Amino acid sequence: VSYLGRWIDVFAENDDGDTVVVELKVTDWRRALDQARLVRPAATNTYIAVWAPYVHRAETDEATQALGRSGIGLLSVNGRCEVRVEASVGPARYRRWVQKPSHPTHRAS
Amino acid sequence: MKSVAEWPSEARHCLRVGSLSDKRVIEAAEEHFDVLVVQGNLAVSAPQGIATWSLDKPIWIDPITYAFAASPAYLRSSSKSSQGEYKRTFRVLAEGFGSPYTDALAQNRVLSPTDFDVGTLAESTERVLSWQEQIFAPAEEDHKYGAVPISPALVTVPFFPLTVRDPSEASPPPWFATNLDIIRLASKIRPPERLAAGFLAELDVFDHPNFEPWLNAYADVLHATGVRHLWWWISDHDEIETSLPRASRMLKSFKELAERGISVHQAFGGSFSTLALTRGLSTVAHGVNYWESKGWEPIASGGLPTARYFHAGLRERLRVPEAIAVVEHRVDDVADFYDHVCSCGVCRDVLDDDVARFGAYGAVNIKTRRTRGGGTAEFDSPTPEALYRTKLHYLHAKGAEVAQTLQAGFDPTQQLQADAAFWASDVTRTRHLDRWAIAVALA
């Protein structure tokens with residue numbers, strides 16, 4: 001989906017309007033966090049997801065503090081998805097600026 | 001446009017127009033700048049169109065003679081149908097300037113200092129100067145309707161880029177002597193007070209151990225010839241990312257040139273240049289939400305336009321999601337926004353009573369295109385309304401920034417430090433504000 005010119009990796013919405021955003025990276029939790037911080041104003045819950053073999057890199061003291069300050073959660077992904085750090089709920093004030101695609105698509109380069 | 005016989009001494013803020021499509025927003029922001037700067041390639045594309053813009057502003061032309069010192073590849077059209085021909089605007093410009101500009105195009109090569117011998121120098125300098133004086137003259141049949149020629153605020157002396165070809169070489173850059181010869185010559189064929197020289201240097205020159213003597217040589221020639229105006233352009237000098245030594249060198253140069261009676265005009269500057277208006281700089285110029293920094297080569301750059309919001313506290317153009325993240329960190333409601341971010345008329349119209357309407361600055365249209373594999377891919381581009389709003393806000397904010405800087409009692413160091421402390425967060429950078437504060441305090 002598009003959020004004011006940024007493309008969000010995963011965007012989910014349930015029936016009561018709560019939204020979840022996930023920014024995915026194989027190894028680089030910092031880049032994922034940078035991207036997640038920018039889209040957090042549009043979502044109720046915001047997560048970064050890192051491939052399980054590398055998720056330990058996102059569980060250092062530095063990473064834990066950075067995630068905590070941002071209110072962003074951490075997912076470990078490897079076939080299945082595990083919540084390692086819960087996201088804190090945000091007001092999602094900018095949700096209205098998320099544009100969902102009319103049909104499944106892939107991102108233009 | 002306004003025809004003037006001399007430089008308006010009260011002018012402190014120039015706006016460079018890069019596209020005729022910016023006419024509407026420029027006219028809507030008339031009160032936020034003093035002089036309109038038009039590049040030669042734009043002037044030849046629609047001279048009467050620009051001359052009749054309903055702006056009560058003087059005009060200043062950059063003849064972009066330096067464009068012919070760049071690779072001819074940059075002067076060619078990139079469209080498939082053009083078959084690699086030169087863009088019409090550069091062809092017309094070269095015809096207006098005559099030899100050796102036309103020769104360089106015809107021979108598919110860059111213009112070089114050896115193209116200018118004594119005879120060529122005099123004739124081509126005269127042609128470039130008179131071209132600027134006549135480009136905005138109305139067609140003869142329009143005189144009876146009251147159309148009058150637009151005399152530019154200053155006439156720009158042809159200038160070429162100073163580059164370092166060999167870092168170990170201590171001798172001046174290749175175009176150095178030619179540029180100075182052209183200034184000397186121009187001052188003999190026009191009143192020097194009507195002329196502006198150009199100092200265009202690459203960062204390699206700006207960082208060179210001999211930069212100061214080279215700049216002093218320019219100042220000496222300006223002093224000797226009576227030319228009192230100088231375009232200052234350090235190619236690709238990004239003020240946000242600049243170093244403290246470069247920022248300090250720029251302020252020192254402005255101060256020393258001003259002490260020698262030279263009015264220095266920043267050709268492509270950002271907020272740091274605005275702050276220099278009380279430290280030796282005469283005017284700052286930028287484009288319509290672009291061109292706070294620009295390289296002389298390539299001549300034109302393309303790409304899809306992006307809507308960026310100028311954050312007055314950070315003094316930086318941010319992509320809108322970044323601007324929102326920054327604002328969310330510190331702002332709870334509309335009143336907070338007006339107190340800490342911006343309270344210009346454009347922001348008030350956009351936000352109304354809902355801070356989340358701030359996102360309208362970044363509104364996009366989703367479009368679909370065919371991919372090489374035969375599928376489709378979606379991409380987004382800013383809506384025309386979003387582009388217009390970001391540009392109009394930018395011009396309001398830059399006008400306010402210049403006014404604030406010139407206000408009696410304004411302390412830039414204190415303001416920069418306060419803004420850096422207030423906006424510091426994980427989502428943005430503020431180091432440039434601290435760096436500028438140090439440079440200004442040392443100046």
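Chain identifiers are assigned alphabetically (A, B, ...) following the order of the sequence lines, protein sequences preceding nucleic acid strands; residue numbering begins at 1 within each chain. Note that the structure is a prediction, hence the values are computed from the model and not measured.
When each of B/Glu328, B/Arg319, B/His329 is scored by its heavy-atom pairs under 4.5 Å with chain A, the top score falls to B/Glu328.
Interface with chain B: from residues 23-30 of chain A, no residue qualifies, criterion being any non-hydrogen pair under 4.5 Å. Inspection of non-hydrogen atoms places A/Leu38, A/Pro41, A/Arg69, A/Ser70 of residues 38-71 of chain A under 4.5 Å from chain B. At a heavy-atom separation below 4.5 angstrom, chain B is approached by no residue within residues 78-90 of chain A. For a heavy-atom cut-off of 4.5 Å, chain A lies close to B/Asp354, B/Val355 in residues 345-355 of chain B.
Contact annotation: the side chain of A/Leu4 never approaches that of B/Tyr361 to less than 4.5 Å [non-hydrogen atoms, C-beta and beyond].
Annotation: A/Arg31, atom CZ; neighbour count of heavy atoms from other residues, nucleotides and ligands within 6.0 Å does not exceed 12. Applying the 6.0 Å contact sphere to CG of A/Asp16 captures more than 12 heavy atoms from other residues, nucleotides or ligands.
Here the closest heavy-atom approach between residue B/Val364 and residue A/Ser2 is recorded as CG2-OG, 3.7 Å. Residues A/Gln99 and B/Ile366 approach most closely at NE2-CG1, 3.7 Å, considering heavy atoms. Considering all non-hydrogen atoms of both residues, A/Tyr94 and B/Phe358 come closest at OH-CB, 3.9 Å.
At a 4.5 Å heavy-atom cutoff, the contact between B/Ala360 and chain A is made by backbone and side-chain atoms alike. Looking at A/Arg95, there are no atoms closer than 4.5 Å to chain B (heavy atoms on both sides), in backbone or side chain.
Remark: side-chain polar atoms of A/Trp97 are paired, donor with acceptor, to backbone N or O of B/Ala356 under 3.5 angstrom.
Annotation: the span from A/Arg37 atom CZ to B/Thr428 atom OG1 amounts to 11.5 Å, rounded to 0.5 Å.
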